[in-house]
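Here is how names work: the chains are called A, B, and so on, in the same order as the sequence lines, proteins then strands, and each is numbered from 1. Since the model is a prediction, treat every value here as computed from it, not as a measurement.
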Number of protein chains: 2
Amino acid sequence: MAETSKWRIAVDGMGGDQAPAEIVAGAVEAAHHFPDVEIQLYGDESALRDHMPADLPTNLAVVHAPEKITSEDEPVKAIRQKKGSSMVMAARAVKSGQADAMLSAGNSGALLSSGLLIVGRMKGIERPAFMAALPNLSQPGDNWLLIDSGANSESKAKHLFQYAQMGQAYAEQVQGKSFARVALLNNGAEASKGTEVLKAAHQALSQNQAINFTGNIEARDVLSGQADVVVADGFTGNAVLKSIEGTASQVMKVVTDALKNGNLSTKLGGLLIKKQLKDTLKSMDYNQVGGALLFGVKAPVIKCHGTANAKNIFYAIQQAIQVLDVEVVPELATRFAEDFKREKAAQSEQDKGE
Amino acid sequence: MAETSKWRIAVDGMGGDQAPAEIVAGAVEAAHHFPDVEIQLYGDESALRDHMPADLPTNLAVVHAPEKITSEDEPVKAIRQKKGSSMVMAARAVKSGQADAMLSAGNSGALLSSGLLIVGRMKGIERPAFMAALPNLSQPGDNWLLIDSGANSESKAKHLFQYAQMGQAYAEQVQGKSFARVALLNNGAEASKGTEVLKAAHQALSQNQAINFTGNIEARDVLSGQADVVVADGFTGNAVLKSIEGTASQVMKVVTDALKNGNLSTKLGGLLIKKQLKDTLKSMDYNQVGGALLFGVKAPVIKCHGTANAKNIFYAIQQAIQVLDVEVVPELATRFAEDFKREKAAQSEQDKGE
């Protein structure tokens with residue numbers, strides 16, 4: 001065993017468009033690459049074994065799960081009724097302490113419900129949020145964080161404030177950024193912009209010395225890396241995430257189509273720049289940096305893209321290990337529990353005074 | 001005078017990053033191109049004349065405005081205090097019937113306030129909305145409409161329903177689409193997705209036979225032309241608009257930088273495809289189709305991009321003429337006034353019954 005701790009990662013082998021083949025391949029690769037980490041693969045045993053090599057790494061465990069949650073399943077109902085599903089079993093392994101983290105490329109709503117109802121919220125956190133890492137297109141290799149990227153359709157100012165705390169902790173502890181810049185997604189730079197919730201969040205963030213709050217950021221500026229953490233309500237965050245995804249892929253498609261359908265010199269030019277274009281596309285692939293972390297639950301729960309392939313699964317497992325290594329989740333849990341206790345005490349003092 | 005009606009378009013000559021030079025140039029070009037339309041250019045007379053050719057078209061009128069609203073001005077205050085500003089004078093010309101439509105590339109908030117407070121809302125419309133036309137990247141030359149692209153930070157279901165009516169009327173009457181497909185921007189396809197407001201709007205749109213409602217649309221799909229009209233609350237619509245803008249320009253920058261900084265063959269390839277790339281960029285430039293129309297006020301008010309150049313101003317003037325030609329604004333005003341009367345009557349019947 002190396003100096004690092006040994007972690008156990010529960011992987012939903014049946015979730016996602018390319019399951020189980022690509023999930024198995026990613027898990028096997030991760031097991032080879034991280035010999036001191038145990039990878040637990042949940043799913044239909046015979047389906048999983050069909051995609052496994054003969055010489056299985058000893059740190060890869062297969063756990064049979066007779067059921068499967070599909071993308072059509074209604075999330076909460078699925079979690080309650082399909083107790084033998086790969087996703088629910090992986091979540092229960094985390095809950096019972098048999099695993100330290102879990103990941104899935106399956107039904108996002110069901111994964112969110114697994115996090116909230118099985119793994120459980122941290123004390124003091126009302127609304128766990130999804131946090132996605134996206135590329136800073138001005139500086140290859142750098143990423144910025146979008147939180148909430150889609151867990152909640154409505155948020156209060158207090159939730160947004162907690163997203164900022166979680167995002168900052170991740171940027172500093174997992175990504176190693178010092179005094180990460182935190183911005184609030186809004187429709188204008190001025191403090192007076194946006195909804196009442198955003199105005200209140202802006203004020204709370206401005207007044208807190210522990211947060212390096214740089215003010216509002218507009219959606220057109222997020223990709224150029226002006227902030228390390230972009231805080232948004234989950235509805236807008238999700239819309240922005242999907243706009244970015246859709247626009248990047250559509251624009252690249254227009255460019256590559258233009259090259260394909262152009263005249264001879266355009267085609268020749270296209271051939272010459274093909275490799276460069278490919279590298280460009282790769283630098284924009286945010287799956288390379290893992291999945292969306294469900295932040296605010298008691299252990300790391302990672303949502304991989306529905307289209308995740310082996311490489312994405314590998315990166316998401318690597319991300320889970322990084323999050324576990326720096327112990328950011330237990331540290332935040334302690335901090336939020338203390339904040340909660342302090343608020344409760346202040347509230348009770350106030351009640352007495354009245 | 002040709003068969004078309006003669007319209008008078010009030011142009012704010014002092015608004016925008018490139019004012020007055022580019023605004024004047026665009027107005028002059030439009031005056032030449034549309035000899036039966038009067039272009040009224042509002043602004044500091046000597047500043048405007050500095051950029052004018054000696055042989056001014058006779059259908060271009062200069063109206064001196066001693067003041068100017070800047071991008072730093074607080075919108076409502078500016079409208080109230082700077083009565084001699086080019087923007088307010090243009091809006092008052094519309095209000096008094098001296099002009100039929102107005103456009104400005106200046107302070108968006110102030111233009112919105114000019115529309116609401118000077119030009120005035122249509123009867124029965126609580127929340128006028130900005131409507132922007134964006135490119136369908138799957139079909140060059142086609143556009144889809146985003147309404148509200150940023151006038152209101154919060155919307156009720158009834159407002160969203162009216163945006164759908166306005167968007168559909170524009171798509172059918174101005175763009176000539178028959179039975180335009182209307183979709184609701186949401187974070188999932190199912191009717192049960194999103195906030196309570198979105199669920200209520202979904203239900204109202206589904207139940208109305210006059211609207212070709214195709215259900216929810218996610219932000220990742222808007223650019224591929226799956227809907228002709230995308231209805232959104234102004235906060236999300238604005239975030240999506242700016243995400244698309246920002247992503248498209250950042251991705252194109254990454255591509256062109258990659259070509260510039262590549263090796264010799266990449267550079268050669270880049271040279272060969274330069275023209276094609278330029279055409280591609282052009283097809284994505286939504287300024288080509290005019291500006292954002294403030295819909296729900298008594299006359300066409302068009303917001304041009306802050307960076308608008310002469311060509312953009314020309315297209316926005318052309319757009320104003322098209323909107324006036326089909327008489328979509330008075331027609332909608334009549335329709336909304338009737339709806340309003342009917343609702344009032346129903347309400348009063350109900351009150352009597354109680």
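- Interface remark: of the candidates Leu185(B), Thr247(B), Thr236(B), Thr247(B) forms the most heavy-atom pairs closer than 4.5 Å to chain A.
- Around atom NZ of Lys199(A), more than 12 heavy atoms belonging to other residues, nucleotides or ligands sit under 6.0 Å away.
- With a 6.0 Å radius and a threshold of 12 heavy atoms from other residues, nucleotides or ligands, Lys158(A) has its NZ atom above the threshold.
- Proximity of Gln250(B) to Ser138(A): side-chain heavy atoms (C-beta onward) are separated by under 4.5 Å at one or more points.
- Against chain B, the residues from residues 218-231 of chain A that qualify, each with a non-hydrogen atom under 4.5 angstrom away, are Glu218(A), Ala219(A), Arg220(A), Leu223(A), Ser224(A) in number order.
- Heavy-atom distances place the side chain of Asn238(B), and not its backbone, under 4.5 Å from chain A.
- In terms of heavy-atom pairs under 4.5 Å with chain A, the best-connected choice from Gly188(B), Ser153(B), Gly246(B) is Ser153(B).
- Across Glu154(B), Lys193(B), Glu190(B), Lys253(B), the residue that shares the most heavy-atom pairs under 4.5 angstrom with chain A is Glu154(B).
- Of the residues considered (Gly109(B), Gly150(B), Gly194(B)), Gly194(B) shows the highest number of contacts with chain A, using heavy-atom pairs under 4.5 Å.
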